[in-house]
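Throughout, numbering of the chain's residues begins at 1 and tracks the sequence. Fair warning: this is a prediction, and the values are worked out from it, not measured in the lab.
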Amino acid sequence: TFPTFPGNPYQLIYNARGSGMVDWWPGEGNANDIIGKNNGTATAVVYNNGEVGRAFSFNGNLGVVHFGNTAGNFGTNDFTIEFWALIPTNAPEGEAFLEKRPACNPTGGFLSIRFGDASHTYPPGIVNFELDDGVTDEGLHTTTTYDDGLWHHFAITRQGTSLSCYVDGDLIVQENEPVLYFSNGAPLIMGQDRKSTRLNSSHITIS
C-alpha cells in the first residue's frame, strides 16, 4: 500500500523476466551477470545513461566486453537474445555488436550480430544476425535501418526452425532454417569482432 495525495502524479516502474533467462548483463556500472555466473570483463567501456538504467557505451577501437567462454553455447535449444541499442546517425557501414567466434574463418562455428555489414554490402543501421555450426551458415537481416540516434529494442529468437527478429515489439523478419547445433570454446564478446576487418562499435550504446 502506497500513500497518495490529491494532485500529485505517480508512476510505478518495474522489470519482469521469464523463468528461462540464463544470463543478464544490465551494464549498471559493470559487466556483471545478475542471473547466471558469466560475469564479464570490460575494457575501454563507458557506462552512460541507457534506456533502462545505465548502459554499455562504446567509443570504437579498444572498447570490448568479454563474457567468458561458456555464455552463448545454445546447442540445439531455442534461444532469445534481446537488448536495447542506440545507433548514432553517423554510424559507419559495419559495426560489431555481439560475437562468439574462434577465428576469422568459420571453423568451429560462430555467432555474430552486427549493425550494417560491409562484407555483405548492408548499409549502416541494418541488423545482421548469423549462426554457423562450422558447416552450414544461416541468418537473417532487417531491410530497415535503425541508425537514427533513438533507442530501439531488438530481440532475435530461435524457436524450432523459425529464426526471427523483432524490433520494438514488431516482427520484422522471419526465416525457416534448420536447427544448427551451436557451441564453441571462444569467448562471447561485445563491441568487437574477430574477422580480419576488425569491426568495432563506434558510439553505440547498449542497455
task = Would you check if the distance from the ring center of Phe115 to the ring center of Tyr146 is below 6.0 Å?
result =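 Not under 6.0 Å, so no.
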Within the 4.5 Å heavy-atom criterion, are [X] and [Y] side-chain neighbours or not?
X: Asn184; Y: Phe182; answer: yes
X: Thr89; Y: Asp147; answer: no
X: Leu188; Y: Glu99; answer: no
X: Phe154; Y: Glu82; answer: no
X: Ile35; Y: Val22; answer: no

inquiry  = Determine whether Phe97 and Arg114 satisfy the following criterion, side-chain contact (heavy atoms from CB on, under 4.5 Å), listing intermediate values before the conclusion.
reply    = CA-CA 5 Å; Phe97 165 51; Arg114 298 181 186 173; 6.0 Å; no
request  = Could you list the residues that satisfy side-chain hydrogen bond (donor to acceptor under 3.5 Å, both in side chains) with Asn69, not counting sequence neighbours?
outcome  =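 Here no residue qualifies.
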task = State which residues pass side-chain hydrogen bond (donor to acceptor under 3.5 Å, both in side chains) with Gln174; sequence neighbours excluded, sorted by chain then number.
result =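 Applying side-chain hydrogen bond (donor to acceptor under 3.5 Å, both in side chains) to Gln174 gives Ser164.
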query = Cluster question for you: counting only ILVMFWY and a side-chain heavy-atom cut-off of under 4.5 Å, with indirect links fine, are Val64 and Phe110 together?
reply =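 Different hydrophobic clusters.
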request  = May I ask whether Phe129 and Leu180 are part of the same hydrophobic cluster, defined by side-chain heavy atoms of I, L, V, M, F, W, Y residues being less than 4.5 angstrom apart, directly or through others?
outcome  =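 Cluster IDs for Phe129 and Leu180 differ.
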Can you give me every donor-acceptor pair (side chain of residues 42-56, partner residue at least two apart or in another chain, under 3.5 Å) with its distance?
| residue | atom | partner | partner atom | Å |
| --- | --- | --- | --- | --- |
| Asn48 | ND2 | Ser57 | OG | 3.0 |
| Arg54 | NH2 | Tyr47 | O | 3.3 |

key: Any residue meeting side chain to side chain contact (heavy atoms under 4.5 Å, CB included) with Asn32, in chain and number order, not counting sequence neighbours   =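 Counting only residues at least two positions away or on another chain, Asn32 forms a side chain to side chain contact (heavy atoms under 4.5 Å, CB included) with Asn30, Asn39.
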request  = Output all residues satisfying side chain to side chain contact (heavy atoms under 4.5 Å, CB included) with Thr41, sequence neighbours left out; order by chain, then residue number.
outcome  =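 Once residues adjacent in sequence are excluded, Thr41 has no partner under the side chain to side chain contact (heavy atoms under 4.5 Å, CB included) criterion.
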Could you go through residues 134-141 and list every donor-acceptor pair under 3.5 Å that involves a side-chain atom there, pairing it with any protein atom two or more places apart or in another chain?
| residue | atom | partner | partner atom | Å |
| --- | --- | --- | --- | --- |
| His141 | ND1 | Tyr122 | OH | 3.2 |

request  = Assess whether side-chain contact (heavy atoms from CB on, under 4.5 Å) is satisfied between Ile156 and Ile113, documenting all intermediate values.
outcome  = CA-CA 10 Å; Ile156 296 169; Ile113 301 175; 3.8 Å; yes
inquiry  = For Phe74 and Phe79, take the angle between the two ring planes, folded into 0 to 90°, and tell me which bin it lands in: parallel under 30, tilted 30 to 60, perpendicular over 60.
reply    =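 It falls in the parallel class, under 30°.
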